Structures are given as C-alpha cells and as structure tokens.
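All of these numbers come straight from a predicted model, not from anything done at the bench.
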Amino acid sequence: MSIEFAAIDFETTGYERGEKNDPWQLGLALVDSLGAVTETREWFFKSSVRPKAETFMNQWEEFFPLLFGRRLVAHNISTERTLLTRIAPLTKWGPWVDTLKIAKLKYPRLKSYALCDLCALFGVRPDLPGRTWHDALYDAVACAQLAIKLKAV
C-alpha cells in the first residue's frame with residue numbers, strides 16, 4: 001500500500017551570466033493511494049526563457065492548493081525545496097521524499113543516479129508524446145513512477 005503524493009519538478013534558468021536562478025516551468029504528477037498517476041499539470045513562468053508567460057506569483061493560486069499539505073516527491077529535492085521556500089518562506093512544505101536519496105540507499109553500487117538512468121534501469125518511461133528529459137512535466141511523471149517502483153512512499 002502506498003501513500004498519496006505529488007511528484008514535482010522545476011526547470012530553471014540556471015545561474016548563467018550572473019543571473020538569478022528563476023523557475024520557468026513546473027511539472028506536477030498527483031498519485032493516489034493505489035500508486036496510479038491520477039492527474040498531471042504544468043505551468044510556465046515568466047523568465048528569460050519564457051518572457052511572455054505569466055509570473056510565478058500570478059499562478060500561485062493555481063498550484064499552491066495542489067502542493068500544500070501533501071507529501072512532495074522529487075528527484076534531488078534541493079531545487080524544488082529551495083524554490084518553494086524562496087517564494088513562500090513561512091510555509092511548511094512536505095514532508096519531502098527524495099528519489100535520489102532512496103535509490104542511493106537501496107542500490108549503493110549503481111554507476112549513475114541520474115533520473116533518466118534510474119528510470120531506464122527500472123523500466124520507467126512516461127507516456128507523454130513529444131516530451132523527453134528536462135521537461136518539467138515529463139520529469140515529474142518519471143519521478144512519480146520511479147518513486148512507485150522504488151517503494152519510496
């Protein structure tokens with residue numbers, strides 16, 4: 001038996017040319033207690049990558065209720081936790097589950113713990129035509145499926 005959770009992934013601008021590391025895409029996969037992905041959502045945010053998108057704060061009311069009060073799963077949670085804490089520093093997010101840490105604990109001798117490599121190893125392949133790695137929605141669904149395979153939640 002598993003626990004309901006939300007797998008999330010942010011894509012960011014990175015720290016290129018001294019700029020701030022801003023989110024430009026958020027992917028979300030909601031998973032029910034039976035271990036099925038029941039809903040997927042994504043948001044694009046105004047940034048140097050997407051200058052015509054809505055701002056992060058203008059979309060806050062859409063994604064906040066889907067994240068707050070849920071178990072949050074991500075692969076290497078540092079980016080996701082940092083971005084959510086930066087935008088809402090007084091909000092208690094999580095509890096958090098990191099599929100990277102779970103994989104390292106369960107399988108300490110693997111050559112790679114990259115999300116794409118772990119998914120290949122465990123036969124996880126999100127069915128999202130036209131999308132691939134480093135797309136926030138694709139990575140969120142992959143992370144959700146990996147968490148289920150790892151029995152991380």
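Aromatic ring pairs are classed by plane angle as parallel below 30°, tilted from 30° to 60° and perpendicular above 60°; the pair Phe56 and Phe10 is tilted.
For the pair Lys149 and Phe122, the NZ or CZ position fails the cation-pi test of under 6.0 Å to the six-membered ring centre and within 45 degrees of the ring normal.
Leu150 and Ile77 fall into different hydrophobic clusters, where Ile, Leu, Val, Met, Phe, Trp and Tyr are joined by side-chain heavy atoms under 4.5 Å apart, directly or via other members. Residues Phe64 and Leu30 fall within the same hydrophobic cluster, defined by Ile, Leu, Val, Met, Phe, Trp and Tyr side chains chained together at heavy-atom separations under 4.5 Å. In terms of hydrophobic clustering, with Ile, Leu, Val, Met, Phe, Trp and Tyr side chains grouped at heavy-atom distances under 4.5 Å, Val124 and Leu100 are assigned to a common cluster. The same ILVMFWY cluster, assembled from side-chain heavy atoms under 4.5 Å apart, contains both Trp133 and Leu110. No continuous path of hydrophobic side-chain contacts links Val141 to Ile8 [ILVMFWY only; heavy atoms under 4.5 Å].
Ala6 approaches Leu66 most closely through the heavy-atom pair CB-O, 4.1 Å. Taking all atoms of both residues into account, the shortest heavy-atom contact from Ala140 to Ala29 is O-CB, 3.9 Å. Looking at every heavy atom in both residues, Glu42 comes nearest to Leu137 through OE1-CB, 4.0 Å.
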Requested in this report: Please assess Asp9 against Cys143 for the test side chain to side chain contact (heavy atoms under 4.5 Å, CB included), listing each intermediate value before the final yes or no.
Outcome: CA-CA 8 Å; Asp9 184 75; Cys143 183; over 6 Å; no
Report task. For side chain to side chain contact (heavy atoms under 4.5 Å, CB included), just list the numbers for Thr38 and Val31, CA-CA rounded to whole Å, side-chain angles, deciding distance to a tenth of an Å, and then say yes or no. Result -> CA-CA 6 Å; Thr38 58; Val31 178; over 6 Å; no
Query raised in the report: Under the side chain to side chain contact (heavy atoms under 4.5 Å, CB included) criterion, do Arg50 and Glu11 qualify, and how do the steps go?
Result: CA-CA 12 Å; Arg50 293 247 181 200; Glu11 292 301 320; over 6 Å; no
Requested in this report: Would you check, one step at a time, whether the test side chain to side chain contact (heavy atoms under 4.5 Å, CB included) holds for Asp139 with His75?
Outcome: CA-CA 9 Å; Asp139 289 357; His75 191 74; over 6 Å; no
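The distance from the CZ atom of Arg70 to the CD atom of Glu4 is 7.0 Å, given to the nearest 0.5 Å. How far OG of Ser78 is from CG of Leu83: 9.5 Å, rounded to the nearest 0.5 Å. Rounded to the nearest 0.5 Å, atoms CG (Asp98) and CZ (Arg81) are 8.0 Å apart. Atom OG of Ser33 sits about 10.0 Å away from atom CD1 of Ile3, to the nearest 0.5 Å. To the nearest 0.5 Å, atoms CE (Met57) and CZ (Phe45) are separated by 10.5 Å. Atom-to-atom distance recorded for Phe44:CZ and Gln59:CD is 10.0 Å, nearest 0.5 angstrom.
Judged purely by distance below 3.5 Å, without hydrogens or angles, the side chains of Glu62 and Trp43 pair a donor atom with an acceptor atom. With no hydrogens or angles considered, a side-chain donor-acceptor pair links Thr12 and Asn21 at under 3.5 Å.
Two residues are said to be in side-chain contact when any heavy atoms from C-beta on lie closer than 4.5 Å; Leu72 and Leu84 meet this criterion. Residues Asn76 and Thr99 are not in side-chain contact: their nearest non-hydrogen atoms beyond the backbone lie 4.5 Å or more apart. Looking at heavy atoms from C-beta onward, Arg125 lies in side-chain contact with Tyr138 at the 4.5 angstrom threshold. Residues Arg131 and Pro126 fail the side-chain proximity criterion, which asks for heavy atoms closer than 4.5 Å. Side chains of Arg86 and Pro23 form a contact here, defined as non-hydrogen atoms less than 4.5 Å apart.
No donor-acceptor distance shorter than 3.5 angstrom exists from the side chain of Thr91 to the backbone of Trp93, with no hydrogens or angles considered. Tyr107 contributes no side-chain N or O that, together with a main-chain N or O of Leu118, makes up a donor-acceptor pair within less than 3.5 Å.
A 6.0 Å sphere centred on NZ of Lys106 holds more than 12 heavy atoms belonging to other residues, nucleotides or ligands.
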